[in-house]
Amino acid sequence: MRMTYDERFRNVLDLAVSIGKRRDEIIRQAVRDIRFTARDTAKEVDITVDRLKMYEEARPLLEERRPLGGKGSSVSLMLSYNGSAWLNTAITSIYMVGNRVNVKFSSRGTGICDLTESLYRPIFGDGIRFSRKSGKNFVESSLKDPSTSAVIIFGFDENVLPYEEAFRRSGKKLVFEGPGQDPFIVFADADLDLALSDLVTAKFMYSGQTCTAPKRIFVHRSLYGEFLDRFEEKAARLIVGGPEDERTDISPVASSLAVDRIRAQLADALSRGAKIVLGGRIEGNTIHPTIVRDATDDMLGMREEVFGPVAFTSPFDTKEEVLRRAKDHKYGLRAAVFGGREAVETAGELAGGSYCHPVPGYTFGKFGTVALNQTRAESWRGAFVVKAVGGYGYSGWIWETVNGSFRIKQGPKLLSLEAAADGED
């Protein structure tokens, strides 16, 4: 018999209690697997417990939904390595509309996967299952499995784009959540205390290893020098150390590939005339907090995702200039804008639709989330539960076949809604 929303919600509340009880164990495992700091992971666990309780707020959206593939169908979910506790919101959002869920953790998160499975099995039984297949085998087996209605992937766009033809042939739905190279724009009349506080927090939490961290930092030329001085002062106070130390702000980056890319991005920036005003030191996988000034849009650090504690900054003179530069990118996940009238106008120009929608092709120059004089924490409240997130360009998309026709959708989305259909079975 199909479970009711209340029954599923009670299971999720039991999960929240279990996560709270094993908080310290989750923190230790994240430190071991992905080297995120104990401090950041502790915050992540607390936010996750709060979000799981928010499914009560999501009831009007989700209660009458049914699994996308009908009763007994499943959805495959492949997760990225940059997280531990927050991954539970992605898993449960698919479960809350009645799906069975097949979950694949990143190979870097083997211990986190084992721990998560031990939390889930007593509560969800085989309603949520955990796979140890390779990423390639997981996707390919999901495409062949007639009971799997959709595949949801968190990852890198270049690894997913080659699967388009396979999804076209299968008729299955793909929901992809990918990278960001988010613009952070500060106008001359901005509240500098607010902007700086948000920049330091959002840029350096998880040692810069989040898709929604500010990556391209544009500051009006009239206050560029002052802003950089204050930014450097704050970043210089961050503590670099082992992830298990509760005092540590910056720990080693989990991916050696990300470290190699950052090393190349810094070398490229220096060769093109930029200056490193703080940091620049890389020891193994430890990247000390780094600020680059006078970055130009053709530099690798402005074109590629920067997945570490390195901030590329650049001055601008006019609204028109910064709009053009912010839009000129293949990623369109999130943007942050600080200031008065021009900031309001800029935010409006950058914003895409309020929810994902069909597009004729990948749409560049729009962003799924645009925060105006708002911190990342505020703009991201309830993400994946009641807050639709996702982007444009190669930051995220949906492939689906509707009435025999293949189409692409882009914009912010709720995984729960995309994994569900209207009405009853």
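Just so it is clear, the values below take in all heavy atoms, side chains as well, and ignore hydrogens, waters and symmetry mates. Throughout, residue positions are numbered sequentially from 1 according to the sequence presented.
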Arg334 vs Trp380 side-chain heavy atoms within contact, under 4.5 Å: yes
Validation row, ring centre Trp86 to ring centre Phe154 under 6.0 Å: yes
Could you report the tightest heavy-atom contact between Glu177 and Lys413, atom names first, then the distance? OE2-NZ, 3.0 Å
Nearest heavy atoms of Asp189 and Gly340, plus distance in Å: OD1-N, 3.1 Å
Kindly say whether Leu119 contributes a backbone atom to a donor-acceptor pair with the side chain of Ser18 at under 3.5 angstrom? no
Interatomic distance, OH@Tyr224 vs CD1@Ile217, rounded to 0.5 Å, equals 9.0 Å
Regarding Arg261 and the six-membered ring of Phe156, is the cationic atom NZ or CZ under 6.0 Å from the ring centre and inside 45° of its axis? yes
Please check if the distance between the ring centroids of Phe124 and Tyr95 is under 6.0 Å. yes
side-chain hydrogen bond (donor to acceptor under 3.5 Å, both in side chains) with Asp297: of Arg303, Arg325, Arg216, only one passes, and it is Arg325
Euclidean distance, Ile27 CD1 relative to Asp40 CG, rounded to 0.5 Å: 10.5 Å
Closest non-hydrogen atom pair, Gln374 against Ser379: OE1-CB, 3.4 Å
Contact check, side chains of Phe9 and Arg59, non-hydrogen atoms, under 4.5 Å: yes
Nearest-0.5 Å distance that lies between atom CG in Leu192 and atom CZ in Phe338: 10.5 Å
Under 3.5 Å, is there a donor on one side chain and an acceptor on the other for Glu304 and Gln181? no
What's the spacing between Tyr163 OH and Glu140 CD if we round to 0.5 Å? 5.0 Å
Any chance the rings of Phe130 and Tyr120 have centres within less than 6.0 Å? yes
How far does CG of Leu77 sit from CG of Leu87, to the nearest 0.5 angstrom? 8.5 Å
For residues Phe316 and His220, establish whether the separation of their ring centroids is below 6.0 Å. yes
Supply the atom-to-atom distance His357 NE2 to Gln410 CD, rounded to the nearest 0.5 angstrom. 8.0 Å
Would the distance check show the side chain of Ser74 and the main-chain N or O of Arg100 forming a donor-acceptor pair, the cut-off being under 3.5 Å? no
If only side-chain N and O atoms count, and only distance matters, is there a donor-acceptor pair under 3.5 Å linking Thr201 with Arg376? no
Given the side-chain rings of Tyr394 and Phe176, with only the six-membered ring counted for Trp, is the space between their centroids under 6.0 Å? no
